[in-house]
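Take a look at the structure below.
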2 protein chains.
Amino acid sequence: MSGSEEGEEAVPDDVSDDVSADVPWLDVREMRAWLRLVAVLELLPGTLDAQLRRDAAMTHFDYMVVSQLSEAPGRTLRMTALAQRTNATLPRLSHVVRRLEERGLVERAPSPEDRRATDARLTDAGLAAVVDAAPGHVRAVREHVVDALSSEQVEQLAEIAEALLRRLDPDGRMTDLYDPA
Amino acid sequence: MSGSEEGEEAVPDDVSDDVSADVPWLDVREMRAWLRLVAVLELLPGTLDAQLRRDAAMTHFDYMVVSQLSEAPGRTLRMTALAQRTNATLPRLSHVVRRLEERGLVERAPSPEDRRATDARLTDAGLAAVVDAAPGHVRAVREHVVDALSSEQVEQLAEIAEALLRRLDPDGRMTDLYDPA
DNA sequence: CGCTGTTAGTTGTAGGTACAAGCATCGTTC
DNA sequence: GAACGATGCTTGTACCTACAACTAACAGCG
(Lines give C-alpha, C1' and ligand atoms only; values in the text may rest on other atoms or scores of the structure.)
Protein backbone atom coordinates (compact mmCIF):
# COMPACT_ATOMS: atom_id res chain seq x y z
CA MET A 1 0.00 0.00 0.00
CA SER A 2 1.94 2.96 1.17
CA GLY A 3 5.34 3.21 -0.37
CA SER A 4 8.00 3.21 2.24
CA GLU A 5 11.06 3.92 0.22
CA GLU A 6 12.79 6.19 2.56
CA GLY A 7 13.28 7.42 6.04
CA GLU A 8 10.06 6.60 7.70
CA GLU A 9 10.17 6.52 11.39
CA ALA A 10 9.20 3.07 12.39
CA VAL A 11 7.20 3.72 15.48
CA PRO A 12 6.58 0.74 17.69
CA ASP A 13 2.84 0.72 17.52
CA ASP A 14 2.02 -1.89 20.02
CA VAL A 15 -0.57 0.18 21.70
CA SER A 16 -3.31 -1.50 23.60
CA ASP A 17 -6.64 -0.10 22.68
CA ASP A 18 -8.11 3.26 22.16
CA VAL A 19 -8.12 6.33 20.04
CA SER A 20 -4.65 7.27 21.06
CA ALA A 21 -3.14 4.26 19.38
CA ASP A 22 -0.17 5.26 17.31
CA VAL A 23 -1.00 6.10 13.78
CA PRO A 24 1.78 6.13 11.22
CA TRP A 25 2.31 9.65 10.03
CA LEU A 26 1.93 10.50 6.37
CA ASP A 27 5.05 10.22 4.29
CA VAL A 28 6.13 12.93 1.89
CA ARG A 29 4.15 11.64 -1.07
CA GLU A 30 1.01 11.06 0.90
CA MET A 31 1.29 14.45 2.52
CA ARG A 32 1.68 16.20 -0.79
CA ALA A 33 -1.37 14.48 -2.25
CA TRP A 34 -3.37 15.16 0.86
CA LEU A 35 -2.52 18.84 1.14
CA ARG A 36 -3.37 19.41 -2.47
CA LEU A 37 -6.65 17.59 -2.09
CA VAL A 38 -7.47 19.76 0.90
CA ALA A 39 -6.78 22.85 -1.15
CA VAL A 40 -9.14 21.58 -3.83
CA LEU A 41 -11.80 20.85 -1.23
CA GLU A 42 -11.41 24.38 0.01
CA LEU A 43 -11.42 26.20 -3.32
CA LEU A 44 -13.57 24.23 -5.74
CA PRO A 45 -16.93 24.38 -3.96
CA GLY A 46 -16.66 28.12 -3.55
CA THR A 47 -15.80 28.56 -7.19
CA LEU A 48 -18.79 26.55 -8.33
CA ASP A 49 -21.10 28.30 -5.92
CA ALA A 50 -19.90 31.70 -6.99
CA GLN A 51 -20.54 31.04 -10.68
CA LEU A 52 -24.03 29.70 -10.11
CA ARG A 53 -25.02 32.36 -7.62
CA ARG A 54 -23.81 35.04 -9.96
CA ASP A 55 -25.34 33.69 -13.16
CA ALA A 56 -28.37 31.79 -11.91
CA ALA A 57 -29.07 32.93 -8.37
CA MET A 58 -28.66 29.49 -6.94
CA THR A 59 -26.23 27.42 -4.94
CA HIS A 60 -24.44 24.45 -6.41
CA PHE A 61 -26.49 22.29 -4.14
CA ASP A 62 -29.68 23.97 -5.35
CA TYR A 63 -28.55 23.18 -8.86
CA MET A 64 -28.03 19.53 -8.05
CA VAL A 65 -31.51 19.34 -6.60
CA VAL A 66 -33.34 20.89 -9.52
CA SER A 67 -31.08 19.11 -11.98
CA GLN A 68 -31.87 15.72 -10.50
CA LEU A 69 -35.56 16.51 -10.48
CA SER A 70 -35.43 17.56 -14.11
CA GLU A 71 -34.14 14.13 -15.09
CA ALA A 72 -36.61 12.17 -12.99
CA PRO A 73 -39.77 10.68 -14.47
CA GLY A 74 -42.58 13.15 -14.04
CA ARG A 75 -39.98 15.62 -12.78
CA THR A 76 -40.83 14.18 -9.39
CA LEU A 77 -38.84 12.42 -6.69
CA ARG A 78 -39.46 11.37 -3.15
CA MET A 79 -37.42 13.38 -0.67
CA THR A 80 -35.41 10.37 0.39
CA ALA A 81 -34.52 9.47 -3.18
CA LEU A 82 -33.61 13.07 -3.89
CA ALA A 83 -31.41 13.18 -0.83
CA GLN A 84 -29.52 10.12 -1.98
CA ARG A 85 -29.00 11.50 -5.47
CA THR A 86 -27.62 14.74 -4.08
CA ASN A 87 -25.50 13.20 -1.32
CA ALA A 88 -27.43 15.16 1.25
CA THR A 89 -28.96 14.56 4.64
CA LEU A 90 -32.70 14.79 4.91
CA PRO A 91 -32.77 17.85 7.17
CA ARG A 92 -30.56 19.77 4.80
CA LEU A 93 -32.64 18.82 1.82
CA SER A 94 -35.80 19.75 3.63
CA HIS A 95 -34.58 23.30 4.23
CA VAL A 96 -33.37 23.71 0.69
CA VAL A 97 -36.56 22.38 -0.90
CA ARG A 98 -38.64 24.69 1.27
CA ARG A 99 -36.66 27.67 -0.03
CA LEU A 100 -36.96 26.44 -3.61
CA GLU A 101 -40.69 26.05 -3.08
CA GLU A 102 -40.94 29.61 -1.79
CA ARG A 103 -39.28 30.71 -5.01
CA GLY A 104 -41.75 28.71 -7.06
CA LEU A 105 -39.19 26.33 -8.55
CA VAL A 106 -40.46 23.23 -6.77
CA GLU A 107 -43.74 21.94 -5.42
CA ARG A 108 -44.28 19.52 -2.59
CA ALA A 109 -47.12 17.08 -2.09
CA PRO A 110 -47.64 14.16 0.25
CA SER A 111 -47.10 10.89 -1.52
CA PRO A 112 -50.29 8.93 -2.29
CA GLU A 113 -48.59 5.61 -1.53
CA ASP A 114 -47.02 6.44 1.79
CA ARG A 115 -48.49 9.24 3.77
CA ARG A 116 -45.24 9.81 5.61
CA ALA A 117 -43.44 10.56 2.38
CA THR A 118 -43.25 13.79 0.43
CA ASP A 119 -42.87 14.05 -3.32
CA ALA A 120 -40.94 16.99 -4.65
CA ARG A 121 -41.83 18.06 -8.17
CA LEU A 122 -40.06 20.52 -10.43
CA THR A 123 -42.36 23.26 -11.70
CA ASP A 124 -42.21 24.75 -15.18
CA ALA A 125 -40.37 27.71 -13.74
CA GLY A 126 -37.98 25.32 -12.09
CA LEU A 127 -37.31 23.51 -15.33
CA ALA A 128 -36.71 26.81 -17.04
CA ALA A 129 -34.23 27.71 -14.35
CA VAL A 130 -32.27 24.50 -14.88
CA VAL A 131 -32.22 24.89 -18.63
CA ASP A 132 -31.06 28.42 -18.12
CA ALA A 133 -28.34 27.58 -15.65
CA ALA A 134 -26.96 24.44 -17.24
CA PRO A 135 -24.68 25.86 -19.97
CA GLY A 136 -22.85 28.22 -17.66
CA HIS A 137 -22.43 25.52 -15.10
CA VAL A 138 -21.09 22.99 -17.59
CA ARG A 139 -18.73 25.63 -18.83
CA ALA A 140 -17.45 26.19 -15.31
CA VAL A 141 -17.01 22.47 -14.75
CA ARG A 142 -15.04 22.20 -17.96
CA GLU A 143 -12.90 25.22 -17.22
CA HIS A 144 -12.02 24.31 -13.69
CA VAL A 145 -11.98 20.54 -13.79
CA VAL A 146 -12.50 18.44 -16.89
CA ASP A 147 -10.45 20.45 -19.33
CA ALA A 148 -7.65 20.75 -16.81
CA LEU A 149 -7.10 17.00 -16.96
CA SER A 150 -5.94 14.55 -19.56
CA SER A 151 -8.36 11.84 -20.54
CA GLU A 152 -6.30 9.35 -18.53
CA GLN A 153 -6.54 11.58 -15.52
CA VAL A 154 -10.30 11.82 -15.90
CA GLU A 155 -10.44 8.05 -15.74
CA GLN A 156 -8.07 7.95 -12.78
CA LEU A 157 -10.15 10.56 -11.00
CA ALA A 158 -13.26 8.47 -11.44
CA GLU A 159 -11.61 5.48 -9.84
CA ILE A 160 -10.00 7.45 -7.06
CA ALA A 161 -13.25 9.15 -6.19
CA GLU A 162 -15.06 5.84 -6.22
CA ALA A 163 -12.52 4.37 -3.81
CA LEU A 164 -12.97 7.33 -1.48
CA LEU A 165 -16.73 7.10 -1.60
CA ARG A 166 -16.62 3.49 -0.55
CA ARG A 167 -14.99 4.66 2.66
CA LEU A 168 -17.05 7.78 3.10
CA ASP A 169 -20.36 6.06 2.55
CA PRO A 170 -19.78 2.32 2.75
CA ASP A 171 -23.42 1.34 2.42
CA GLY A 172 -24.10 3.74 -0.37
CA ARG A 173 -26.82 5.30 1.74
CA MET A 174 -26.16 8.65 0.19
CA THR A 175 -24.14 8.24 -2.94
CA ASP A 176 -25.28 6.38 -5.99
CA LEU A 177 -21.75 5.88 -7.33
CA TYR A 178 -23.50 6.81 -10.56
CA ASP A 179 -22.47 4.39 -13.23
CA PRO A 180 -24.40 5.23 -16.40
CA ALA A 181 -24.18 2.21 -18.64
CA MET B 1 -28.27 13.31 -22.00
CA SER B 2 -25.07 13.81 -23.73
CA GLY B 3 -24.45 10.85 -25.89
CA SER B 4 -22.82 12.75 -28.68
CA GLU B 5 -19.18 12.11 -29.15
CA GLU B 6 -17.94 14.88 -31.34
CA GLY B 7 -19.80 17.48 -33.34
CA GLU B 8 -19.51 20.60 -31.32
CA GLU B 9 -20.65 23.99 -32.47
CA ALA B 10 -23.34 22.50 -34.61
CA VAL B 11 -25.62 25.30 -33.59
CA PRO B 12 -25.22 28.54 -35.51
CA ASP B 13 -25.62 30.54 -32.41
CA ASP B 14 -23.48 33.43 -33.42
CA VAL B 15 -23.76 35.20 -30.18
CA SER B 16 -21.78 38.28 -29.59
CA ASP B 17 -22.05 37.73 -25.89
CA ASP B 18 -19.66 34.92 -25.20
CA VAL B 19 -21.25 33.84 -21.95
CA SER B 20 -23.95 31.93 -23.74
CA ALA B 21 -21.65 30.41 -26.32
CA ASP B 22 -22.18 26.72 -26.84
CA VAL B 23 -20.31 24.48 -24.51
CA PRO B 24 -19.86 20.83 -25.36
CA TRP B 25 -21.67 18.69 -22.83
CA LEU B 26 -19.79 16.17 -20.73
CA ASP B 27 -19.49 12.69 -22.18
CA VAL B 28 -20.20 9.58 -20.15
CA ARG B 29 -16.70 9.20 -18.76
CA GLU B 30 -16.36 12.82 -17.85
CA MET B 31 -19.77 12.84 -16.25
CA ARG B 32 -19.00 9.83 -14.15
CA ALA B 33 -15.75 11.31 -12.88
CA TRP B 34 -17.41 14.63 -12.23
CA LEU B 35 -20.39 13.26 -10.33
CA ARG B 36 -18.15 11.19 -8.13
CA LEU B 37 -15.90 14.13 -7.45
CA VAL B 38 -18.95 16.18 -6.50
CA ALA B 39 -19.99 13.47 -4.07
CA VAL B 40 -16.54 13.55 -2.50
CA LEU B 41 -16.68 17.32 -2.24
CA GLU B 42 -20.00 16.96 -0.50
CA LEU B 43 -19.11 14.20 1.94
CA LEU B 44 -15.43 14.49 2.80
CA PRO B 45 -15.38 17.95 4.40
CA GLY B 46 -18.26 17.05 6.67
CA THR B 47 -16.57 13.83 7.71
CA LEU B 48 -13.36 15.61 8.61
CA ASP B 49 -15.19 18.36 10.44
CA ALA B 50 -17.24 15.87 12.40
CA GLN B 51 -14.22 13.95 13.63
CA LEU B 52 -12.35 17.06 14.72
CA ARG B 53 -15.35 18.71 16.31
CA ARG B 54 -16.12 15.57 18.22
CA ASP B 55 -12.60 14.78 19.36
CA ALA B 56 -10.96 18.17 19.55
CA ALA B 57 -13.73 20.77 19.53
CA MET B 58 -12.48 22.41 16.40
CA THR B 59 -13.27 22.71 12.73
CA HIS B 60 -11.03 21.29 10.06
CA PHE B 61 -10.26 24.83 9.07
CA ASP B 62 -9.41 25.68 12.68
CA TYR B 63 -7.05 22.74 12.64
CA MET B 64 -5.32 23.94 9.50
CA VAL B 65 -4.82 27.34 11.08
CA VAL B 66 -3.30 26.14 14.33
CA SER B 67 -1.38 23.43 12.54
CA GLN B 68 0.24 25.90 10.18
CA LEU B 69 1.08 28.19 13.06
CA SER B 70 2.66 25.32 14.96
CA GLU B 71 5.09 24.75 12.12
CA ALA B 72 5.99 28.38 11.62
CA PRO B 73 9.14 29.93 13.11
CA GLY B 74 8.25 31.42 16.45
CA ARG B 75 4.81 29.85 16.05
CA THR B 76 3.93 33.14 14.40
CA LEU B 77 2.64 34.14 10.99
CA ARG B 78 1.30 37.27 9.43
CA MET B 79 -2.40 37.04 8.64
CA THR B 80 -1.81 37.23 4.92
CA ALA B 81 0.74 34.43 4.99
CA LEU B 82 -1.54 32.34 7.14
CA ALA B 83 -4.41 32.91 4.75
CA GLN B 84 -2.32 31.68 1.84
CA ARG B 85 -1.21 28.57 3.69
CA THR B 86 -4.79 27.70 4.56
CA ASN B 87 -6.33 28.58 1.19
CA ALA B 88 -8.56 31.10 2.88
CA THR B 89 -9.74 34.61 2.22
CA LEU B 90 -8.68 37.26 4.67
CA PRO B 91 -12.14 38.04 5.99
CA ARG B 92 -12.76 34.41 6.75
CA LEU B 93 -9.43 34.02 8.49
CA SER B 94 -10.03 37.15 10.49
CA HIS B 95 -13.26 35.76 11.94
CA VAL B 96 -11.72 32.41 12.70
CA VAL B 97 -8.62 33.83 14.37
CA ARG B 98 -10.77 36.10 16.50
CA ARG B 99 -12.66 33.06 17.76
CA LEU B 100 -9.45 31.15 18.37
CA GLU B 101 -8.13 34.13 20.28
CA GLU B 102 -11.25 34.20 22.43
CA ARG B 103 -10.54 30.58 23.26
CA GLY B 104 -6.97 31.37 24.20
CA LEU B 105 -5.38 29.29 21.45
CA VAL B 106 -3.96 32.19 19.49
CA GLU B 107 -2.73 35.69 20.22
CA ARG B 108 -2.73 38.65 17.89
CA ALA B 109 -0.34 41.58 17.85
CA PRO B 110 0.30 44.33 15.35
CA SER B 111 3.42 43.68 13.36
CA PRO B 112 6.41 45.82 14.31
CA GLU B 113 7.48 46.12 10.68
CA ASP B 114 4.22 47.13 9.11
CA ARG B 115 1.62 48.71 11.27
CA ARG B 116 -1.14 47.59 8.95
CA ALA B 117 -0.23 43.98 9.44
CA THR B 118 -1.22 41.61 12.22
CA ASP B 119 0.87 38.74 13.48
CA ALA B 120 -0.94 35.68 14.75
CA ARG B 121 0.93 33.58 17.30
CA LEU B 122 0.05 30.17 18.65
CA THR B 123 -0.10 30.12 22.45
CA ASP B 124 1.06 27.22 24.60
CA ALA B 125 -2.53 26.14 24.98
CA GLY B 126 -2.89 26.32 21.23
CA LEU B 127 0.15 24.14 20.69
CA ALA B 128 -1.18 21.65 23.19
CA ALA B 129 -4.45 21.57 21.29
CA VAL B 130 -2.68 20.76 18.02
CA VAL B 131 -0.58 18.05 19.58
CA ASP B 132 -3.71 16.65 21.08
CA ALA B 133 -5.75 16.73 17.92
CA ALA B 134 -3.15 15.55 15.44
CA PRO B 135 -3.22 11.77 15.93
CA GLY B 136 -6.96 11.47 15.60
CA HIS B 137 -6.94 13.69 12.57
CA VAL B 138 -4.19 11.75 10.85
CA ARG B 139 -6.05 8.57 11.62
CA ALA B 140 -9.17 9.98 9.96
CA VAL B 141 -7.20 11.08 6.92
CA ARG B 142 -5.74 7.61 6.60
CA GLU B 143 -9.05 5.87 7.07
CA HIS B 144 -11.01 7.95 4.65
CA VAL B 145 -8.44 8.85 2.05
CA VAL B 146 -4.87 7.63 2.01
CA ASP B 147 -5.45 4.03 2.96
CA ALA B 148 -8.33 3.80 0.52
CA LEU B 149 -5.93 4.32 -2.37
CA SER B 150 -3.07 2.38 -3.87
CA SER B 151 0.29 4.06 -3.89
CA GLU B 152 -0.10 4.72 -7.61
CA GLN B 153 -3.40 6.37 -6.96
CA VAL B 154 -1.89 8.58 -4.29
CA GLU B 155 0.59 9.78 -6.86
CA GLN B 156 -2.13 10.25 -9.46
CA LEU B 157 -4.20 12.19 -6.97
CA ALA B 158 -1.32 14.55 -6.28
CA GLU B 159 -0.96 15.34 -9.96
CA ILE B 160 -4.67 15.65 -10.59
CA ALA B 161 -5.10 18.00 -7.65
CA GLU B 162 -2.17 20.06 -8.80
CA ALA B 163 -3.68 20.41 -12.24
CA LEU B 164 -6.97 21.53 -10.75
CA LEU B 165 -5.30 24.04 -8.48
CA ARG B 166 -3.59 25.66 -11.43
CA ARG B 167 -7.03 26.46 -12.76
CA LEU B 168 -8.63 27.30 -9.45
CA ASP B 169 -5.85 29.61 -8.37
CA PRO B 170 -3.69 30.37 -11.39
CA ASP B 171 -1.45 32.86 -9.67
CA GLY B 172 -1.01 30.76 -6.59
CA ARG B 173 -2.37 33.64 -4.54
CA MET B 174 -3.85 31.25 -2.07
CA THR B 175 -2.38 27.84 -2.49
CA ASP B 176 1.24 27.04 -2.02
CA LEU B 177 0.97 23.88 -4.12
CA TYR B 178 3.01 22.57 -1.25
CA ASP B 179 5.94 20.69 -2.62
CA PRO B 180 8.13 19.62 0.29
CA ALA B 181 11.52 18.83 -1.09
C1' DC C 1 -56.66 -3.04 19.46
C1' DG C 2 -52.31 -1.43 21.99
C1' DC C 3 -47.26 -1.52 22.23
C1' DT C 4 -42.81 -1.05 20.31
C1' DG C 5 -39.60 0.16 16.98
C1' DT C 6 -38.47 2.03 12.50
C1' DT C 7 -38.98 5.18 8.72
C1' DA C 8 -40.01 9.89 6.56
C1' DG C 9 -39.81 14.46 7.08
C1' DT C 10 -39.93 19.01 9.40
C1' DT C 11 -38.39 22.61 12.39
C1' DG C 12 -35.45 25.33 15.83
C1' DT C 13 -31.17 26.95 16.83
C1' DA C 14 -26.38 27.59 16.95
C1' DG C 15 -22.41 28.40 14.36
C1' DG C 16 -19.51 29.10 10.22
C1' DT C 17 -18.82 31.48 5.58
C1' DA C 18 -19.40 34.87 1.82
C1' DC C 19 -19.75 39.40 0.30
C1' DA C 20 -19.48 44.06 0.76
C1' DA C 21 -18.08 48.07 3.15
C1' DG C 22 -15.13 50.25 6.13
C1' DC C 23 -10.74 52.06 8.27
C1' DA C 24 -6.16 52.54 8.86
C1' DT C 25 -1.40 52.54 6.90
C1' DC C 26 2.02 52.44 3.33
C1' DG C 27 4.30 53.93 -1.20
C1' DT C 28 4.75 56.60 -4.97
C1' DT C 29 4.22 60.51 -7.65
C1' DC C 30 4.11 65.18 -8.73
C1' DG D 1 4.81 66.97 1.32
C1' DA D 2 0.09 66.22 -0.16
C1' DA D 3 -2.62 63.43 -2.73
C1' DC D 4 -3.80 59.19 -4.71
C1' DG D 5 -4.20 54.42 -5.12
C1' DA D 6 -2.88 50.03 -3.17
C1' DT D 7 -2.42 46.98 0.74
C1' DG D 8 -3.74 44.62 5.26
C1' DC D 9 -7.10 43.66 8.07
C1' DT D 10 -11.64 44.07 10.44
C1' DT D 11 -16.58 44.22 10.90
C1' DG D 12 -21.69 43.74 9.74
C1' DT D 13 -25.23 41.26 7.57
C1' DA D 14 -27.35 37.65 5.17
C1' DC D 15 -27.38 33.05 4.18
C1' DC D 16 -26.42 28.06 4.49
C1' DT D 17 -25.51 23.90 7.07
C1' DA D 18 -25.22 20.71 11.01
C1' DC D 19 -27.20 18.75 14.96
C1' DA D 20 -30.75 17.67 17.77
C1' DA D 21 -35.32 17.26 18.92
C1' DC D 22 -39.98 16.42 17.42
C1' DT D 23 -44.27 14.78 14.80
C1' DA D 24 -46.57 11.62 11.92
C1' DA D 25 -47.18 7.33 9.78
C1' DC D 26 -46.09 2.48 8.85
C1' DA D 27 -45.08 -2.50 10.33
C1' DG D 28 -44.99 -6.35 13.28
C1' DC D 29 -46.64 -8.78 17.27
C1' DG D 30 -49.01 -10.09 21.35
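Every chain is numbered from 1 and lettered A, B, ... according to where its sequence line falls, protein lines coming before strand lines. All values below come from the heavy atoms of this structure, side chains included, with hydrogens, waters and symmetry mates left out.
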B:R103 CZ - C:dG16 C1' separation (whole Å): 13 Å
Determine, for B:R53 against B:D62, whether the closest basic-nitrogen to carboxylate-oxygen distance falls under 4.0 angstrom. no
Short heteroatom pairs, N/O only, protein and nucleotides 10-14 of chain C, under 3.5 Å:
{"from": "C:dT10", "atom 1": "OP1", "to": "A:R108", "atom 2": "NH1", "distance (Å)": "2.7"}
{"from": "C:dT10", "atom 1": "OP2", "to": "A:S94", "atom 2": "OG", "distance (Å)": "2.8"}
{"from": "C:dT10", "atom 1": "O5'", "to": "A:S94", "atom 2": "OG", "distance (Å)": "3.3"}
{"from": "C:dG12", "atom 1": "O6", "to": "A:H95", "atom 2": "NE2", "distance (Å)": "2.9"}

In this structure, how many angstroms lie between the P atom of D:dA18 and the CG atom of B:L43, rounded? 10 Å
Rounded to whole angstroms, how far apart are CZ on B:R78 and P on D:dT7? 14 Å
Roughly how many Å is it from CZ in A:F61 to P in D:dC16, rounded to a whole number? 12 Å
Specify the closest pair of heavy atoms between A:V130 and A:S70, including all atoms of both residues, with the distance to one decimal. CG1-OG, 4.2 Å
Lys/Arg-Asp/Glu bridge criterion (N-O < 4.0 Å) met for A:D27, A:R29: no
Within less than 4.0 Å of OP1 or OP2 of D:dC16, is there a side-chain N or O belonging to A:R99? yes
Any protein N or O atoms within reach of nucleotides 24-28 of chain D? Criterion: under 3.5 Å, listing atom names and distances.
{"from": "D:dC26", "atom 1": "OP1", "to": "A:R115", "atom 2": "N", "distance (Å)": "3.0"}
{"from": "D:dC26", "atom 1": "OP2", "to": "A:R115", "atom 2": "NH2", "distance (Å)": "3.2"}

Is there a side-chain contact between A:T76 and A:E107, using heavy atoms and a 4.5 Å cut-off? no
Identify the heavy atoms of B:A81 and B:L77 that sit nearest to each other, and give their distance. CB-CD2, 4.3 Å
Tell me whether B:R167 is salt-bridged to A:E143, with the criterion being a basic N under 4.0 Å from an acidic carboxylate O. no
Got A:L41 and B:L41 here, is their nearest side-chain heavy-atom distance under 4.5 Å? yes
Side chain proximity check, B:L44 to B:V145, heavy atoms < 4.5 angstrom: yes
Between atom CG in A:L52 and atom P in D:dC16, what is the gap in whole Å? 13 Å
Can you measure B:L48 atom CG to C:dG16 atom C1' for me and round it to whole angstrom units? 16 Å
Whether B:R78 and B:E113 form a salt bridge (side-chain N of Lys/Arg under 4.0 Å from carboxylate O of Asp/Glu) is what I want to check. yes
Please give, in whole Å, the distance from C:dG16 C1' to A:E42 CD? 12 Å
How long is the line joining CZ of A:R54 and P of C:dA20, in whole Å? 11 Å
